[in-house]
Amino acid sequence: MTDRTALSLDQEAPARPSRSLWATAFLRLKRNTLAMISLAVLIFYILAGIIGPEITNHHYAEVYPEFVKVPASLEGYPKSDEIPALAESALARARLDLGQITVDGGTIRVEASSSREIDPRVTRYLDRSDLFANSRIAETSADGQSVVMEADVERLHFYFGTDANGRDLLARTLISVRVSLMIGALATSVALLIGVLYGATAGFVGGRVDNFMMRVVDVLYSLPFIFFVILLVVFFGRNVVLMFIAVGAVEWLDMARIVRGQTLSLKNREFVQAAEALGVRSAGILRRHIIPNTLGPVIIYMTLLIPKVILLESFLSFLGLGVQEPLTSLGVLISEGAKNMRGDAYMLFFPAATLTLLLFALNFLGDGLRDALDPKDR
Amino acid sequence: MLSYALKRLLGAVPTLFFIITAAFFLMRVAPGGPFDQERTLEPSVMANLNATFGLDRPLHEQYLMYLGNLARGDMGPSFVYRDFKVHELLGSGLPVSIQLGLSALLLAFIVGATLGCVAALRQNSWVDYLVISVATFGITVPNFVVAPVLALIFAVWLDLLPAGGWQNWSPEHMLLPVVTLALPQVAVVARLIRGAMIEALRSDHVRTARAYGLPTRRIVIYHALRAASLPAVTYLGPAAAALLTGSIVVEQIFGIPGIGRYFVQGALNRDYTLVMGTVIIVAVFVVLFNLLVDLAYAALDPRVCYD
């Protein structure tokens with residue numbers, strides 16, 4: 001009887017398909033609501049960074065001198081009650097006596113008269129301003145001394161407002177998201193590459209070499225890190241791509257330590273000894289056995305490194321050491337917002353909220369991945 | 001213990017030496033010099049300036065000269081802030097940075113430890129989740145966002161505190177910068193203490209103390225916290241070194257005359273001696289605080305013993 005139950009249990013066991021480490025991790029991640037929301041937010045950011053700057057109605061570097069520091073608004077600019085004044089200033093050089101100016105939806109009607117006959121080409125004064133287009137003479141009086149002009153009003157939408165130079169803050173925020181994400185991906189890859197190779201080599205070779213290599217890491221740790229970054233930026237000039245690499249080259253230290261620790265515990269395991277006994281060379285063992293087995297902690301650390309790198313880039317840009325005008329980054333926008341916060345708080349709010357949400361999403365996702373990949377509480 | 005501390009301090013000398021050497025040569029390889037201006041100086045003036053500061057000599061000679069002066073306690077003149085010696089600049093900025101950093105450190109440890117303990121004692125309750133959320137917020141939001149937002153709310157909108165400026169030990173000038181500096185540290189300390197506290201509360205010695213019928217407060221403060229503060233102390237060592245040597249962002253936003261600003265300005269102006277001075281100060285603080293952490297270990301954990 002007992003034998004039978006044991007047997008039936010044995011037979012049932014293979015019926016459940018075995019799951020790989022990654023499949024299990026993904027299942028566990030799916031159960032973590034916060035991490036899944038973060039993943040969705042992150043995907044939204046990635047899409048916004050890739051296609052956002054292409055589909056906004058303003059270019060991030062385009063200057064609108066008429067709209068400097070206009071607050072964020074869903075309504076288009078100029079606002080209806082401002083249009084007559086703008087039309088008057090546009091027509092100031094035409095030397096006409098302006099009569100009634102009416103705004104009706106998207107068109108403006110201007111009555112004008114003069115002591116002489118009016119040249120129909122006078123409407124070009126309206127066209128010359130960016131705000132009006134398609135201007136035309138609607139009516140001309142018999143003596144030709146008074147006309148009614150019509151023009152379409154070009155309404156511009158600044159959903160996030162404009163900055164101190166009159167550039168659309170939405171477009172600038174979107175391009176900064178692109179810059180931040182690119183920096184995050186590139187610099188993390190550089191840190192990953194250097195850190196994993198360095199750490200695995202130090203841990204695997206061991207002995208004096210390990211001692212020396214880790215001593216170098218210790219010394220680099222105690223170098224004031226910002227000084228290091230500034231020097232790198234000074235060396236490379238303000239080239240965005242090279243700056244990514246510089247940031248990555250600074251951030252590999254933790255990665256190297258983690259990988260070294262993992263390697264130390266891995267290299268005495270049986271499968272490594274077996275490979276050694278079979279005559280596999282050191283490089284082969286490192287590539288085939290050691291590095292793949294360190295990937296779990298490395299991936300966890302990597303997801304937490306990305307927000308750190310993004311933060312570092314914003315910090316450098318905040319100090320004015322980062323990307324250069326007209327390209328921009330969240331750090332630059334926040335720094336400008338901080339300068340203009342008296343009166344124009346929206347200039348601080350939008351970039352700060354964008355950066356904060358992005359960092360939150362990355363951190364929560366990183367925490368979720370750590371919980372999902374951590375075999376300790378399976 | 002004393003001999004251990006001395007041994008460690010002696011052991012730090014080669015590290016410091018290496019850092020000084022690396023910083024010296026790295027900086028000199030970087031293009032540009034301290035006297036580069038938008039309007040180029042006449043060659044003869046430039047040559048005179050370089051000769052005055054010894055910049056015309058071969059690099060290795062300059063290096064040996066710098067080391068020699070340093071050994072006599074002379075960090076040299078600043079190249080850009082004329083009429084100031086580097087130790088004068090650092091000497092006027094460092095007390096301010098230390099004041100700020102020390103206050104932030106104390107605040108971080110007290111508030112962080114309290115939050116961590118409360119969360120650990122009520123694990124998985126709403127208090128716990130609240131503390132974790134606040135901690136995540138503190139870690140995630142960078143200080144160059146927190147600082148202007150705090151200034152905006154408390155200085156511009158509510159008009160309660162000054163938006164910047166500095167007076168020694170004036171609480172109203174210190175409040176905003178200290179809170180900004182302390183916030184991320186509070187968050188990390190709370191997280192670390194919470195994690196270690198949960199473990200400590202399950203440990204044998206705490207169970208024994210409970211069995212003796214000691215009051216909970218006494219158990220938490222005397223028995224559990226002592227063990228649970230080890231990871232936080234480890235973290236606070238390097239963090240303290242960073243806090244005390246000044247925060248670039250906080251000093252810039254609140255207009256505080258600490259030494260944080262010299263890092264950036266010095267490197268951008270190629271003010272070689274000033275940058276070397278700041279590098280040395282930071283390195284010394286890092287070494288010192290790592291030693292303090294190890295000594296604190298021995299004080300907190302009777303099993304650790306240095307002989």
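Lettering of chains follows the sequences in order, A, B, ..., and the numbering in each one begins at 1.
With a 4.5 Å cut-off on non-hydrogen atoms, F349(A) does not touch chain B at all. Only the side chain of L348(A) comes within less than 4.5 Å of a heavy atom in chain B; its backbone stays farther off. Residue I253(B) touches chain A through its side chain alone, counting heavy-atom pairs closer than 4.5 Å. The parts of L311(A) that come within reach of chain B are both its backbone and its side chain, each placing non-hydrogen atoms under 4.5 angstrom from that chain. Looking at L362(A), neither its backbone nor its side chain comes within 4.5 Å of chain B, counting heavy atoms on both sides. Residue contact with chain A, scored on non-hydrogen atoms closer than 4.5 Å, involves the backbone and the side chain of F137(B) alike. No part of A147(B) comes within reach of chain A, as not one of its non-hydrogen atoms sits under 4.5 angstrom from that chain.
Residue F25(B) qualifies as enclosed at atom CZ: its count of foreign heavy atoms under 6.0 Å is above 12. Within a 6.0 Å sphere centred on CZ of F18(B), heavy atoms belonging to other residues, nucleotides or ligands number 12 at most.
Of the listed residues (L152(B), I139(B), V149(B), V145(B)), the greatest number of heavy-atom pairs within a distance under 4.5 Å of chain A belongs to L152(B). Here T136(B) is the residue among V141(B), N143(B), T136(B), L16(B) with the most heavy-atom pairs under 4.5 Å with chain A.
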